[in-house]
Structure formats: C-alpha cells, structure tokens
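Take a look at the following structure, please.
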There are 2 protein chains.
Amino acid sequence: MSLQHAILGFLDLEPSTGYTLDQRFAGSVGSFWTATRSQIYRELHAAERAGRVRVEVVPQDGRPARKVYHLTEAGRAALADWLAEPVGPAQLRDPFLLKLVFSASAPPEVTDGLLAHLQAELEASRAEYAARLERPEIFTLARSEREALLWRLSIENGLAWCEAQLAWAARARAALAEEPPEGGCA
Amino acid sequence: MSLQHAILGFLDLEPSTGYTLDQRFAGSVGSFWTATRSQIYRELHAAERAGRVRVEVVPQDGRPARKVYHLTEAGRAALADWLAEPVGPAQLRDPFLLKLVFSASAPPEVTDGLLAHLQAELEASRAEYAARLERPEIFTLARSEREALLWRLSIENGLAWCEAQLAWAARARAALAEEPPEGGCA
DNA sequence: AGCGACATGTAAGCGGTTACATGATTCT
DNA sequence: AGAATCATGTAACCGCTTACATGTCGCT
C-alpha cells in the first residue's frame with residue numbers, strides 16, 4: 001500500500017490536515033501518483049489506528065476543526081522501512097497501446113486519429129512539466145538542496161517520458177503512412 | 001472497462017478459450033496490460049450476458065470442456081465503438097518516483113540504491129523487449145502487414161520507454177553524486 | 001513420484017473512483 | 001448572486017489481486 005506511505009512521507013515534511021494532503025497530491029506528486037479525498041481520509045484513519053500518526057485537533061469556529069496529523073516514531077519507522085524495501089518494476093497499464101494494437105480491425109483513420117490525439121495530449125503535458133520546472137515555489141517544502149533536486153528529478157522524469165513518447169508517436173505515424181496499401185494499390 | 005474490450009479484440013483475431021486468452025495476455029500485450037484468469041473468466045461471462053460473445057462448447061474427455069468464445073455482431077460493434085472513442089491521457093502510477101522523492105528522509109545510500117535497482121530492472125526489460133522484436137512468431141496472429149506493424153510498434157513503444165528511463169536514471173545518479181555535501185563539507 | 005500443460009471456475013479482500021452530505025467565509 | 005476555498009467525512013461500486021478448489025494427461 002503505497003498511498004499510506006506517501007502520506008507518511010508528506011507528514012514527515014510537515015504536519016498537515018487531510019485537506020492539505022489532498023492539495024499536495026494534486027500538486028507536487030500529481031503527475032505520477034493521484035489520490036482522492038475519501039482515500040486520504042480513510043488512510044489517515046487507518047494510519048492512526050496503526051499508531052503511525054497522531055492527531056492534534058485545532059478547533060475553529062464556523063467550520064470543522066482542523067485535524068493536524070503528525071508522524072509518530074512508529075510512523076517514521078514505517079516510512080524508513082518502506083523506503084528501504086526495493087520497488088518492483090513499474091508495470092504500466094496503457095489503454096492507448098491496447099487500443100492501438102486492436103485498431104487494425106478498424107479503418108486506418110482510426111489508428112491515425114488515435115496517434116494524433118496522443119500527440120496533442122503529450123504536447124500539452126510536456127508543456128505542463130516544463131512550466132512546473134520553471135516555478136521554484138513547487139520546491140518550497142524541500143528541506144535541503146538535495147531534496148529539491150529529487151523533486152526536480154521527478155518532474156524531469158515525466159518530461160523525459162513525454163519526449164520519448166512523442167518521438168515514438170512521430171515514428172509510428174511515419175511508419176504507418178508508408179504502409180497504407182493493405183494488399184493492393186495502383 | 002478496457003479489459004472486456006481487449007478480450008473482444010483478441011476474439012476478433014481468433015475465437016479462443018479463457019485459458020488461451022490468459023496466455024495471450026501474458027504474452028503479446030503483457031508489457032502494457034495484464035489480466036489474471038479470474039478476471040478473464042469473469043469478463044467472458046459478462047460479455048456473454050451482454051450478448052457480445054457466443055460460446056461453443058467442445059466436450060473433451062478427462063478434462064473440462066473447452067468453451068470457445070466467438071464474437072457476435074454486437075461484440076464487433078462494441079469493439080468498433082471502443083476503438084473510435086478517444087483514450088484519456090495515460091496517468092501513470094509510479095511507486096518508484098514516489099519513493100524517490102521521499103527518500104531524502106533516508107540516508108543518501110537509499111536513494112542511490114533505489115536508482116541502481118531501477119537501472120538493473122530497466123536493463124532487463126530492455127533486453128526482453130529487444131528479444132521480443134527479434135522473434136517473429138509473436139506476430140503470427142497478425143492478419144496483415146499493417147497489423148504486424150502495429151504489434152511491432154507497441155513493443156517499440158516499451159523499448160523507447162525503457163531507454164528514456166535509463167537515460168534519465170543515469171543523469172539522476174550523476175546529478176546526485178555531484179551534490180553530496182548536504183550543507184557542509186571541507 | 002512430481003511437475004507442467006490443459007481447462008474450468010469461486011471467494012475474499014484491497015485499492016481506487018464517484019457520488020453524496022454539510023456548512024461558513026471570502027472573493028468576484 | 002454565485003463560485004472558490006477551507007474542512008470534514010460516508011456509501012456504493014468497480015476493477016484487480018491472491019488464494020483456494022478440481023481433475024486429467026504426458027513427460028521426466
């Protein structure tokens with residue numbers, strides 16, 4: 001269960017409420033890990049039951065009390081354990097490739113449309129990654145140069161992925177354009 | 001639900017049993033989509049209830065009857081619809097990057113170990129992709145040159161991904177090696 | 001005697017998504 | 001007047017994984 005550990009990771013940087021964690025997920029790690037509120041609240045409760053976090057309730061008037069979660073020693077240990085254990089190979093689940101290989105059953109325009117759509121999307125996310133690298137406020141939580149570097153590298157990873165995919169898509173379209181006759185031509 | 005559509009895609013290539021589909025998933029699309037038997041049998045039953053496939057029961061002695069599934073017209077239509085609708089952006093869920101960014105909490109060796117481990121795994125899967133491209137028997141189901149090309153492109157996609165990741169990992173390790181002092185040095 | 005291929009499934013559980021529910025404050 | 005922000009959650013559902021259950025045939 002990576003999500004609970006990611007939460008512990010964020011709480012190690014700064015004690016936070018569920019709401020704030022939601023924003024962190026949408027912001028900083030959003031490109032490679034997402035989480036919804038229900039999930040976050042559920043995991044926070046579970047982590048609390050497991051003794052990995054401690055709640056500090058800060059009453060407010062007119063809105064629900066802020067529940068600020070802090071890492072406990074057990075939580076810190078759980079985080080360290082998770083970091084030490086090796087990650088399995090990231091098996092990616094790519095509905096695009098699935099569609100691509102089966103698109104031979106459909107007219108050629110379908111395949112090309114799929115690729116064109118992919119290119120447009122990749123261009124957009126490439127721009128997003130690039131913009132994110134320019135905005136240094138992303139790294140404000142970083143407690144050291146090294147930590148900031150790691151965050152930057154994670155964004156660069158996404159950027160590299162986009163660029164590789166774009167290069168592949170261009171090659172794919174070119175290769176498909178060269179082979180249209182489908183058995184018979186002029 | 002991509003899985004049911006992937007099954008329809010395979011059945012369009014060739015009527016098959018659940019068992020055979022399982023092998024197809026493990027083999028040809030295994031690098032970008034996985035499925036377990038329980039899932040496949042369940043989806044086949046669902047597709048049958050939805051009228052998208054038709055079963056032909058072939059009794060055997062000494063072992064369970066083969067249930068050969070065929071696409072119906074409705075199934076073919078469902079496949080075509082799925083192919084025509086655009087795919088959303090592939091949001092990848094990468095536990096490696098998650099661990100990487102939080103590994104600043106741990107000693108530097110942890111981060112480097114993570115990266116080294118990733119490199120080893122990527123090298124292995126790169127070799128696997130490359131080997132798969134060499135083996136033309138992967139494409140035996142292909143009904144045309146174009147179809148074979150699509151399968152080849154799907155493998156090349158994985159290969160490109162591996163190579164981009166490897167390049168990134170090398171850059172990452174170099175960048176991290178240049179920044180060890182953590183605030184104070186000689 | 002044991003393993004792998006063939007061939008079917010069920011049951012329990014987990015992680016994730018979507019929809020629902022509540023309600024004040026501040027900005028446009 | 002309406003939308004966004006802050007702040008908490010519950011319930012239902014869906015897709016996927018893991019473990020369990022059964023049984024023959026052929027190879028080593």
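Sequence lines set the chain letters: A, B, ... in the order given, protein chains first and strands last, and positions in each chain run from 1.
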Item checked: Most 5' of B:R93 and B:T17 on DNA chain C, judged by nearest nucleotide ->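 Result of the comparison: B:T17.
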Next item on the list: Let me know the distance between CD of B:Q39 and P of D:dC16, rounded to the nearest Å.
Entry: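 Roughly 5 Å, once rounded to whole Å.
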Notebook entry, point to check: For B:V68 and A:T36, take the nucleotide of DNA chain C holding the closest heavy atom to each; which residue's nucleotide lies nearer the 5' end?
Noted result: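 Mapping each residue to its closest nucleotide by heavy atoms, the 5'-most match is B:V68.
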Next item on the list: Output the distance between atom CD (A:E128) and atom CD1 (A:I155), rounded to the nearest 0.5 Å.
Entry: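 Answer for the CD-CD1 pair, A:E128 versus A:I155, is 10.5 Å.
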Note to self: Using whole Å, what does the distance between atom P of nucleotide D:dG15 and atom NE2 of B:H5 come to?
What the structure shows: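 The answer, rounded to whole Å, is 11 Å.
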Note to self: Students often mix this up, so state it plainly: with edges at 30° and 60°, are the rings of A:F25 and A:F10 parallel, tilted or perpendicular?
What the structure shows: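 Plane angle over 60°, so perpendicular.
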Check: How many Å lie between CZ on A:R42 and C1' on C:dT18, as a whole number?
Finding: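 Atom-to-atom, A:R42 to C:dT18, this comes out as 12 Å.
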Notebook entry, point to check: Can you tell me how far P of D:dT8 sits from OH of A:Y69, to the nearest Å?
Noted result: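 In whole Å, D:dT8 P and A:Y69 OH are 7 Å from each other.
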Notebook entry, point to check: What is the nucleic acid contact for B:E43, judged by heavy atoms within less than 4.0 Å: base, sugar-phosphate only, or nothing?
Noted result: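 Counting heavy atoms under 4.0 Å across all strands, no contact is made by B:E43.
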Next item on the list: Describe the nucleic acid contact of B:A65 in one word from base, sugar-phosphate, nothing, applying a heavy-atom distance below 4.0 Å.
Entry: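 Here B:A65 touches the backbone only, sparing every base.
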Next item on the list: Quick one: do B:L115 and B:L176 satisfy side-chain contact (heavy atoms from CB on, under 4.5 Å)? Show the steps, please.
Entry: CA-CA 10 Å; B:L115 282 163; B:L176 284 162; 3.5 Å; yes
Next item on the list: Describe the nucleic acid contact of B:Q4 in one word from base, sugar-phosphate, nothing, applying a heavy-atom distance below 4.0 Å.
Entry: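 The answer is nothing, as B:Q4 stays clear of every strand by at least 4.0 Å.
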Next item on the list: Step by step, work out the side-chain contact (heavy atoms from CB on, under 4.5 Å) result for B:W168 and A:L159.
Entry: CA-CA 10 Å; B:W168 171 85; A:L159 195 58; over 6 Å; no
Item checked: For atom CE of B:M1 and atom C1' of C:dT17, their distance in whole Å ->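 The distance from CE of B:M1 to C1' of C:dT17 comes to 15 Å, rounded to the nearest Å.
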Notebook entry, point to check: Within the pair A:T20 and D:dC6, is there a side-chain N or O less than 4.0 Å away from OP1 or OP2?
Noted result: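 Indeed not, no polar side-chain atom of A:T20 lies that close.
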Notebook entry, point to check: Given D:dT5, is OP1 or OP2 found less than 4.0 Å from the side-chain N or O atoms of A:Q23?
Noted result: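 Negative; the distance criterion is not met.
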Note to self: Is it the case that D:dT18 (base atoms only) and B:S38 (side chain only) share a donor and an acceptor within less than 3.5 Å, ignoring hydrogens and angles?
What the structure shows: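 Indeed there is one.
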Notebook entry, point to check: Of all residues at least two apart in sequence or in a different chain, which pass the salt bridge (charged side-chain N to carboxylate O under 4.0 Å, His left out) check with A:R132?
Noted result: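 With sequence neighbours excluded, A:R132 shows a salt bridge (charged side-chain N to carboxylate O under 4.0 Å, His left out) to no residue whatsoever.
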Notebook entry, point to check: From the list C:dA7, D:dT8, C:dT17, which nucleotide is the closest neighbour of the side chain of B:Y41?
Noted result: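 Comparing C:dA7, D:dT8, C:dT17 against the side chain of B:Y41, the answer is C:dA7.
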Margin query: Please find the pair of heavy atoms, one from A:L8 and one from A:L79, that lie closest to each other, and give the distance.
Written below: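 Reported closest heavy-atom pair: O-CD2, 4.0 Å.
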Check: With respect to the side chain of B:H45, which nucleotide from D:dT17, D:dT10, C:dG9 is positioned closest?
Finding: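 Of D:dT17, D:dT10, C:dG9, C:dG9 is nearest to the side chain of B:H45.
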Item checked: Heavy-atom protein contacts under 4.0 Å, nucleotides 20-25 of chain C, coded B base, S sugar-phosphate only, - none -> ---BSS
Checklist line | Which nucleotide in D:dA7, C:dG16, D:dG9 has an atom nearest any side-chain atom of A:W33 | finding: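 For the A:W33 side chain, the nearest candidate turns out to be C:dG16.
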Check: Side chain of A:Y19: nearest nucleotide among D:dC16, C:dT17, D:dT8?
Finding: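 Given the options D:dC16, C:dT17, D:dT8, the side chain of A:Y19 is closest to D:dT8.
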Note to self: Could you tell me how far apart B:Q60 (CD) and D:dC25 (C1') are, to the nearest whole angstrom?
What the structure shows: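 About 11 Å, once rounded to whole Å.
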Checklist line | Spacing between B:E48 atom CD and C:dT8 atom C1', to the nearest angstrom | finding: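 Nearest whole value for this atom pair: 14 Å.
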Item checked: Separation of D:dG9 P from A:K67 NZ (nearest whole Å) ->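 Nearest whole value for this atom pair: 4 Å.
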Checklist line | In one Ile/Leu/Val/Met/Phe/Trp/Tyr side-chain cluster, 4.5 Å: B:L166, B:Y129 | finding: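 B:L166 and B:Y129: one cluster.
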Next item on the list: In plain terms, say whether A:K67 and A:E48 are close enough for a salt bridge, that is, a side-chain N and a carboxylate O under 4.0 Å apart.
Entry: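 Salt bridge flag = no for A:E48 with A:K67.
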